[in-house]
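Remarks on the structure that follows.
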Amino acid sequence: DTEVTQTPKHLVMGMTNKKSLKCEQHMGHRAMYWYKQKAKKPPELMFVYSYEKLSINESVPSRFSPECPNSSLLNLHLHALQPEDSALYLCASSEKTGTGKVGYTFGSGTRLTVV
Amino acid sequence: AQSVTQPDIHITVSEGASLELRCNYSYGATPYLFWYVQSPGQGLQLLLKYFSGDTLVQGIKGFEAEFKRSQSSFNLRKPSVHWSDAAEYFCAVGDPSTGGYNKLIFGAGTRLAVHP
């Protein structure tokens, strides 16, 4: 299995809703990532987990709450989002190495619309 | 700080023509360089990567890229473009300073259109 699976593919939520994005990989990768991509823009890093521990938070607002319950799963919990949070949310994974010489495997993303 | 520049926002080529997408990076040490492709509404697929060694790198789908340290460039090439190559292409540089986590910094992307 060489894929990163993200669910749901599309999500529409109101500003008072609570929802979660899910990401799963079975490649034995020990680093997992959340990226946010606005329309016609490159992806921007949000969070990095390594060995199920949060290692990088790129100053993301607290209305985004990541969780890594085990080595195969990564969640992104959403609460009280704003319309400007509408974007494609991409999950990725990689081997954890000391040199950083790895390539990411990306999922197909969740298209989030906040109304 | 590391940065990546893709000078061409939009490129149009005819099917069967050759292609070169430009990428320039700014990084003090040996960079880790990547090219990714993204079809509309999809995730990113790794085309190829360069860490060290041979400066001409072969990737998937018939793509190759050449690392030129003197020009701080990592241009992507394909000898004959197919209509299915129409997509957004991102050049990225990895930041090995982040404790082994490959924090990718992406260029703005180049949108490729292919005319029949």
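Chain A is the first sequence line, chain B the second, and so forth, proteins listed ahead of strands; every chain is numbered from 1.
Follow the hydrophobic side-chain contacts under 4.5 Å out from B:I9 and you never reach B:V13; the two are in separate clusters. Under a hydrophobic clustering in which Ile, Leu, Val, Met, Phe, Trp and Tyr are joined whenever their side-chain heavy atoms come within less than 4.5 Å, directly or via other members, A:L54 and A:L76 fall into the same cluster. A:L73 and A:L21 are not part of a single hydrophobic cluster, where members link through side-chain heavy atoms under 4.5 Å apart. Side-chain heavy atoms closer than 4.5 Å link hydrophobic residues (I, L, V, M, F, W, Y) into clusters, and following such links, even through other members, never connects A:V115 to A:L11. A:M15 and A:Y89 fall within the same hydrophobic cluster, defined by Ile, Leu, Val, Met, Phe, Trp and Tyr side-chain heavy atoms under 4.5 Å apart, directly or through other members.
Side-chain contact between B:L104 and A:Y35 is present, with heavy atoms from C-beta onward closer than 4.5 Å.
Of the atoms belonging to A:E58, it is side-chain heavy atoms, and not backbone ones, that fall under 4.5 Å from chain B. For chain A, no part of B:Q45 is nearby; none of its heavy atoms comes within less than 4.5 Å.
Of the listed residues A:P43, A:C91, A:A92, the one with more heavy-atom pairs under 4.5 angstrom with chain B than any other is A:P43. With chain A as partner, the option from B:A92, B:G109, B:G107 having the largest number of non-hydrogen pairs under 4.5 angstrom is B:G107.
By the neighbour-count criterion of 12 heavy atoms within 6.0 Å, atom NE2 of B:H115 is sparsely surrounded, having that number or fewer from other residues, nucleotides or ligands. No more than 12 heavy-atom neighbours from other residues, nucleotides or ligands sit within 6.0 angstrom of NZ on A:K41.
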Practice item. Begin with the C-alpha distance, continue with both residues' side-chain angles, and end with the deciding distance and a verdict on side-chain contact (heavy atoms from CB on, under 4.5 Å) for A:Q37 and B:F90. Key: CA-CA 12 Å; A:Q37 186 178 24; B:F90 291 99; 3.6 Å; yes
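Put simply, OG on A:S94 and CG on B:L46 are 11.5 Å apart, with the number rounded to the nearest 0.5 Å.
When every heavy atom of A:Y104 is checked against every heavy atom of B:Y36, the shortest pair comes out as N-OH, 3.1 Å. Closest non-hydrogen pair, B:Q42 versus A:L88, comes out as O-CD2, 3.9 Å.
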